Amino acid sequence: MSTAILTGPPAPGSSLDGDLRSLGFDVKAASGADETGVLLAAVPAGERVALVDPRFVGHVHALRLALTDPRFPAAAAPGALTVQNGARPALARALTGADPSGTDDLTGTLADALDADGVAVHRPQLGTLVATVPTDAEARHEARAAVDAVDDEAVRLRSAVKAHDGFFTTFFISPYSRYIARWCARRGLTPNQVTTASLLTALIAAGCAATGERGGYIAAGVLLLVSFVLDCTDGQLARYALKYSTMGAWLDATFDRAKEYAFYAGLALGAARNGDDVWALALGAMILMTCRHVVDFSFNEANHDATANTSPTAALSDRLDSLGWTVWARRMIILPIGERWAMIAVLTAVTNPRIVFWALIIGCAFGACYTTAGRVLRSLTRKAKRTDRAAQALADLADSGPLAGIAGRILGRTGILMLPPLVLAVIATGALLAAVLGRPFGSQQTIVAAALYVVFSGAAVARPLKGPLDWLLPPLFRAAEYTTVLVLAARSDSPQALPAAFGLVAAVAYHHYDTVYRIRGGTGAPPAWLVRVTGGHEGRTLLVTVLAALLADRGDDFTLALTALAVAVALVVLVESVRFWVSSGAPAVHDEGETA
């Protein structure tokens, strides 16, 4: 239970008491600043506390936005202030130092004092919502008229929709999914329950696709769209009800990829039932999608807090967006999740898995080339100083293990480190992929190339990644590792090697996505022991090439080795990920990020 303290006698005819109780607050009234401090001290530890001016006039949703959002330690609106447990001592200090006679705007004075004390006070954008403290009868009458003129429920529904989303989601899903979100809220359903329902629906869709029958494909396409509607609904429900949670952050951040990649596997199984082996295409689509996302993430992290952004490319992009229609065109051509799932669903229902995967690969490749080219141009033309935080984020995204660390320390005494990190990464990736693609399966030369990959990739991250294009290192390393697994599995004699490779890449990709969302949440990368145990990208790549060489002539042993490695990686990263995201230290975030 949260506690709301009215900082003075209630105003006659005010509905404020009832409004606060409807938001889950136990309401207490104080006679002034001194008694407010006494009541604050009496609130049990751990509870949220709100201080509200009894003269407040405004919409209930304005109070909801200001007083109930769990993501912020402190928040304020005109006439209202709230703090969570961590900011309670600062509020007590501010209240002690407040002038008892100067209480015309006590909540505003206290909010300013919290800011000065180092507590960031969130002030939500209210838009057309009313939140004011009238000082006389005429102003109060005008404020009530302003409240009556705006339907706060309509505003609440509109604000439940993500501010920036893809064309398909904005015009074909959100117009009705917001009402589903409200229906869920009124029945006490949580965003996590809707997220789980979306996952289960997608898994059933994958099972339908795995039947290999036309009826199964049609059902799979329909269920995939239903799953996407639920996927939109969970975020809208979180924004509608302001129910953000640590568990919800983890579920929403990872389930999208789990649903999509499970559907890829279902399509591949369905094709196999009809004698068509498309596992290589399924794995290729997953690799392309993951590498594209890593490009997005690493570029954003590299420029998260960059200064002196003077890129003419960015200025051109802003001018294009000012035309209006180009905004939607540019969002659609990168094939964000809404357009992508709609394409997959329709093609699954009316064609076959091979066509689905080729369309997906071609569309995603075009989108990846478009976005990467634009970001390269921005980076080359931007005069910006990269920060230590950005360099550390890129190093964490690189996922370099102990072998790379040893190589970097050894090579620190040589002149090889004079080369730019990107050049070293290109050499490492190019030599590895040339050997894997150009030599027979099991060739000893692939081990030599993998060893060189360890050396040069270690040298690439031995210095801070502050170059204009150093954000390309993480996607290069992802492409090298994943493609090596794909090619070696495709060239082995075992027909089940590709499904095993699909599982291994899926497990490693989960680890990389988990790293991304931890960094985005502000808690840093996974613990160093996890990177050591999983070997880093260079250790896993070397291990797979060694296994291919040792087990080339031993039937299905390479498949068994890939399967065992996939299970081991999945268990370690999943257990650590679950432990982290359900812990109290994990951030409460939501899905206002990229549309991919």
Side-chain angles (χ1 to χ4, degrees), residues 287 290-291 294 297-298 301 391-412 416-417 421-422 424-429 431-433 435-436 446-465 470-485 488 501 504-516 518-519 524-549 561-562 564-577 580:
I287 291 171
T290 304
C291 291
V294 175
F297 298 139
S298 59
E301 288 303 324
Q392 183 58 53
L394 291 181
D396 292 334
L397 289 173
D399 189 34
S400 298
L403 294 180
I406 294 171
R409 288 192 294 272
I410 294 174
L411 293 175
I416 192 174
L417 291 184
L422 180 60
L424 293 169
V426 170
I427 293 173
T429 302
L432 174 65
L433 294 183
V436 171
T446 58
I447 298 179
V448 175
L452 290 174
Y453 176 75
V454 170
V455 172
F456 280 89
S457 64
V461 296
R463 290 174 294 165
L465 301 178
D470 285 353
W471 56 269
L472 286 170
L473 267 66
L476 278 174
F477 293 155
R478 298 297 83 77
E481 179 183 1
Y482 298 165
T483 305
T484 297
V485 175
L488 292 178
L504 174 59
V505 172
V508 175
Y510 177 88
H511 166 57
H512 291 144
Y513 279 112
D514 187 55
T515 301
V516 165
R518 292 197 200 204
I519 294 173
W529 69 261
L530 181 64
V531 179
R532 289 195 298 269
V533 168
T534 55
H537 69 93
E538 80 289 353
R540 291 187 299 268
T541 302
L542 179 61
L543 176 59
V544 171
T545 58
V546 170
L547 290 173
L562 289 179
L565 184 58
V567 171
V569 171
L571 284 176
V572 172
V573 300
L574 278 172
V575 169
E576 164 55 22
S577 178
F580 170 78

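All values below come from the heavy atoms of this structure, side chains included, with hydrogens, waters and symmetry mates left out. All figures in this text were calculated on a predicted structure; none of them were measured in a lab.
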Check against side chain to side chain contact (heavy atoms under 4.5 Å, CB included), Phe456 and Val426: CA-CA 9 Å; Phe456 280 89; Val426 170; over 6 Å; no
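- Note on residues 473-483: pairs passing salt bridge (Lys or Arg N to Asp or Glu O under 4.0 Å), not counting sequence neighbours, are Glu481-Arg540.
- Distance alone, capped at 3.5 Å, places no donor-acceptor pair between the Glu576 side chain and the Leu530 backbone.
- Take Ala507 and apply the side chain to side chain contact (heavy atoms under 4.5 Å, CB included) test, not counting sequence neighbours, and it matches Val569, Ala570.
- Contact between Thr534 and Val531 at its shortest, heavy atoms only, is OG1-O, 3.3 Å.
- Here the closest non-hydrogen pair linking Glu538 and Pro402 is OE2-N, 3.8 Å.
- Asp514 is linked by a salt bridge (charged side-chain N to carboxylate O under 4.0 Å, His left out) to Arg518, counting only residues two or more places apart in sequence or in another chain.
- Contacts classified as side chain to side chain donor-acceptor pair (under 3.5 Å) and involving residues 450-459 (residues at least two apart or in different chains) are given here: Tyr453-His537.
- Expressed to the nearest 0.5 Å, how far CG of Leu432 lies from OG1 of Thr483 amounts to 9.0 Å.
- Counting only heavy atoms from C-beta outward, the side chains of Tyr482 and His512 approach each other to under 4.5 Å.
- Applying the ring pair (Phe, Tyr, Trp, His ring centres under 6.0 Å) test to Tyr510 and every residue at least two apart in sequence or in another chain returns nothing.
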CA sep, side-chain torsions, deciding dist, call: Ile406, Arg409, side chain to side chain contact (heavy atoms under 4.5 Å, CB included): CA-CA 5 Å; Ile406 294 171; Arg409 288 192 294 272; 3.4 Å; yes
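- Here the closest non-hydrogen pair linking Ala398 and Pro474 is N-CG, 4.0 Å.
- When all heavy atoms of Asp470 and Leu422 are compared, the closest pair comes out as OD1-N, 4.0 Å.
- Atoms CG and CG, from Leu424 and Leu473 in turn, are 8.5 Å apart once rounded to the nearest 0.5 Å.
- From Phe297, atom CZ reaches atom OG1 of Thr515 across 11.0 Å, with rounding to the nearest 0.5 Å.
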Worked verdict on Leu565 versus Val544 for side chain to side chain contact (heavy atoms under 4.5 Å, CB included): CA-CA 9 Å; Leu565 184 58; Val544 171; 4.0 Å; yes
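- The backbone N or O of Ala393 lies less than 3.5 Å from no partner atom in the side chain of Glu301, so there is not a single donor-acceptor pair.
- Partners of Leu571 according to the side chain to side chain contact (heavy atoms under 4.5 Å, CB included) rule, which considers only residues two or more places apart in sequence or in another chain, are Val567.
- The structure places CG of Leu547 at 4.5 Å from CG of Leu543, a figure rounded to the nearest 0.5 Å.
- With rounding to the nearest 0.5 angstrom, the CG atom of Leu562 is 6.0 Å from the CG atom of Leu504.
- Ala435 approaches Thr446 most closely through the heavy-atom pair O-CG2, 3.7 Å.
- Counting only distance, with no hydrogens or angles, the side chain of Thr545 and the backbone of Leu542 share a donor-acceptor pair below 3.5 Å.
- Atoms CD1 and CG, on Ile427 and Leu452 in that order, are 10.5 Å from each other to the nearest 0.5 Å.
- In this structure the side chain of Phe477 reaches within 4.5 angstrom of the side chain of Val461, judged on heavy atoms.
- Contact annotation: the side chain of Leu394 approaches that of Ser298 to within less than 4.5 Å [non-hydrogen atoms, C-beta and beyond].
- In plain terms, the two heavy atoms of Pro421 and Arg463 that are nearest each other are CD-NH2, 3.5 Å.
- With a 4.5 Å cut-off on side-chain heavy atoms, Trp471 and Leu397 do not count as touching.
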